[in-house]
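Below is one structure, written out as structure tokens; comments come after it.
From a predicted model like this one, the values you see are computed outputs, not experimental measurements. Only this structure's heavy atoms are used, side chains among them; waters, hydrogens and symmetry mates stay out.
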Amino acid sequence: MSVEKQPKEALFAPKNMKLIFNPLNKENPITVQVLGICSALAVTVKLEPAVVMSISVLAVLAFANVIISLLRNTIAPRIRIIVQLVVIASLVILVDQILKAFAYEVSKQLSVFVGLIITNCILMGRLEAFAMGNKPWPSLLDGIGNALGYAWILIVVAFFRELFGSGTIWGFPVLEYTGLYHIGYKNNGLMILPPMALIIVGIIIWIQRYRNRELIENK
Amino acid sequence: MKALRKFIDRIKPQFEKGGRFEKLHSTFDAFETFLFVPDKVTTSGSHIRDAMDMKRTMSVVVAAMIPALLFGMWNVGFQHFRSLGEMEGFWNLFLYGFVKVFPIVVVSYVVGLGIEFIFAQIRGHEVNEGYLVTGMLIPLIVPPDIPLWMVALSVVFAVIIGKEVFGGTGMNILNVALTARAFLFFAYPQDMSGDKVWIAEKADAFSGATPLGHLLVGNTEAIPSFSDMFYGLIPGSVGETSTLAILLGAVLLLFTGVANWRVMLSVFAGGWLMGLLFNLLAVNEYMAIPAHYHLVMGGFAFGAVFMATDPVTAAQTQKGKYMYGLLIGIIAVLIRVLNPAYPEGMMLAILFMNVFSPLIDHYVVHANINRRLKRLKMNTGVSKVN
């Protein structure tokens, strides 16, 4: 960190802030880079696991980025993928153990998907594309930014899937209080099935591309 | 008619560029061209001029569905009163069915066309006429007792996610009406399957299972006679029960050349052949039922005539059409007989093959290119050099 505190670049210079804010929208890991789709489908049936998953990814990605960034000049290029995996795997095991100790129920719901953070494309993608070539402080910001970009998509998708699929928000039966069920409303079973996560992500992509035309891919 | 034409001509300038209602041009245009054949013709280049524009094509398909719709209305009444053990006159049966089915048709059209108009306005297109057919198909493939809000929701889903996302009419990958049905089927399984939903307000003691429902649970004795199923005196979705009424529509579609006979024929052939194959294996009672029964049960005939032939989602090449149709028939019967989760396989088979039809076309086209290349090489002797 000490290297970063040299006077020529402020910690929260606009260039650094971009690392946090760009992944939220125009460099979003899910909707633009199309990374980490698998877990976006798997853990978004309910809001709670989605939030826990987001926090886990945030922790792993931020630390992994910093660690790899610190090691970047000592890693031989040929074995860099293995080193990255070792770092990610150690962090994931830590997160997994912490979840089991303090949030056992949620860790049950997330089951293998915490372990599968190791194979989450966002992690390898950011380590390869950013941490290997940048200093620790920007790497930390990049990690946090991308994890937040991942998180808000996950949370939006989970919000709609839980609300329409189970009629609850964070396990709280909201729709029951509105009395919709009495006039014949029923929960939508399709929302609980994985394809609907894909469709909601698709709708987010649609809205995003509509608002920001430069994101539209040319053939 | 003349007065109407005059009225339209009088208000037309207001919808042109610079007019008072310029923004509503696409809405106006939709109504004008729906009422009258447009007088605009192509002026340059080589075009085929034909009186059958898209709206006229769609009208033929809607007309072809009328027998199935009317019979469906009557059958809804017939099944209802039969389950109660009462018998009413023809008109009472029809009226009961009309009251049940007509609101579904209205909801389907109002919601679907509403979305079409909104998208046409936003995009500055003309309103696509594709929904005229879809809007009639959807009421025919849902159970008579379906809540109207579910119909509306499925239409919203199908038109936006199934069609507008891909660019509107003619750009969709999946059949829009079947997308709506698949949405309902997975979202509200209690209202779309089982033996409670196929007869409107049925008496509790009466078994309301469709022939396919009976077969799924191994109740082979309970299925109706072939003629009952052919005429359509069975519970089921509104328009799918009567193979006879559907065939009347098929005759109109084939006579006008709107639907492709290759697809239709090969779907029936595929289903029948698969039925025969199961007869040969016949390790259980379901496999042993006569192959031609498959063609009149459930939505098979309806799917073959009105869904599989959808020119947008079907394969485009001649050979591809045979392949596409055969596979639909085969997969539909395969799902029916072997998959315990789905009593009817027609919907899934058609949607599945919709996805595969571009692939089929791709290989047909490439096979043709390769064949011609080979011929070229043989004629010019290039092959010797290689």
Side-chain angles (χ1 to χ4, degrees), chain A residues 30-32 34 37 40-42 44-46 153 156-168 173-176 178-213 215-219, chain B residues 103-104 107 115 118-119 121-124 142-143 145-168 171-174 176 178-194 196-197 200-201 341-342 347-348 351-352 354-355:
Chain A
I30 292 185
T31 63
V32 179
V34 199
I37 290 287
L41 305 189
T44 51
V45 177
K46 292 264 163 72
I153 301 283
V156 168
V157 174
F159 174 80
F160 286 112
R161 286 184 77 190
E162 186 176 348
L163 182 64
F164 295 116
S166 323
T168 57
V174 212
L175 289 189
E176 221 171 276
T178 59
L180 271 175
Y181 293 111
H182 294 295
I183 55 171
Y185 176 81
K186 280 176 187 159
N187 287 331
N188 189 322
L190 190 60
M191 280 285 174
I192 298 175
L193 300 174
M196 208 57 201
L198 208 59
I199 290 173
I200 297 177
V201 171
I203 293 172
I204 296 175
I205 290 177
W206 187 16
I207 296 171
Q208 194 185 23
R209 301 281 197 284
Y210 182 78
R211 289 163 51 104
N212 189 352
R213 300 249 154 197
L215 291 177
I216 298 173
E217 291 87 352
N218 293 318
K219 272 189 194 155
Chain B
I104 305 179
V107 167
I115 296 171
I118 292 170
F119 268 89
Q121 292 292 356
I122 294 174
R123 292 179 167 162
V142 294
D145 249 351
I146 183 131
L148 293 178
W149 68 268
M150 284 185 192
V151 177
L153 196 65
S154 72
V155 168
V156 171
F157 179 85
V159 174
I160 294 181
I161 304 293
K163 192 162 83 173
E164 295 300 343
V165 161
F166 297 105
M171 313 291 273
N172 45 314
I173 297 170
L174 301 172
V176 182
L178 278 179
T179 310
R181 194 181 196 283
F183 175 83
L184 287 171
F185 182 80
F186 288 107
Y188 306 106
Q190 331 76 299
D191 295 275
M192 286 298 287
S193 49
K196 301 249 183 320
V197 299
E201 293 167 358
Y342 306 116
M347 170 183 86
L348 297 169
L351 287 175
F352 189 66
N354 280 170
V355 176

With a 4.5 angstrom heavy-atom cut-off, could you sort out which part of A:Ile203 is near chain B: side chain, backbone, both or neither?
side chain
Rounded to the nearest 0.5 Å, the NZ atom of A:Lys186 sits from the CE atom of B:Met150 at a distance of 4.5 Å
Mind listing the closest non-hydrogen atom pair of A:Trp206 and B:Val165 along with its distance?
CZ3-CG2, 3.8 Å
Hey, what do you get for CG (A:Leu193) to CZ (B:Phe186), rounding to the nearest 0.5 Å?
7.5 Å
Does the side chain of A:Asn188 reach to within under 4.5 Å of the side chain of B:Phe157, using non-hydrogen atoms?
no
At what distance, to the nearest 0.5 angstrom, does CE of A:Met196 lie from CZ of B:Phe183?
6.0 Å
How about OH on A:Tyr210, more than 12 heavy atoms from neighbouring residues, nucleotides or ligands closer than 6.0 Å, or not?
no
Sort A:Tyr185 into side chain, backbone, both or neither according to what part of it lies under 4.5 angstrom from a heavy atom of chain B.
both
Here the gap from B:Leu153 atom CG to A:Leu190 atom CG, rounded to the nearest 0.5 Å, amounts to 10.0 Å
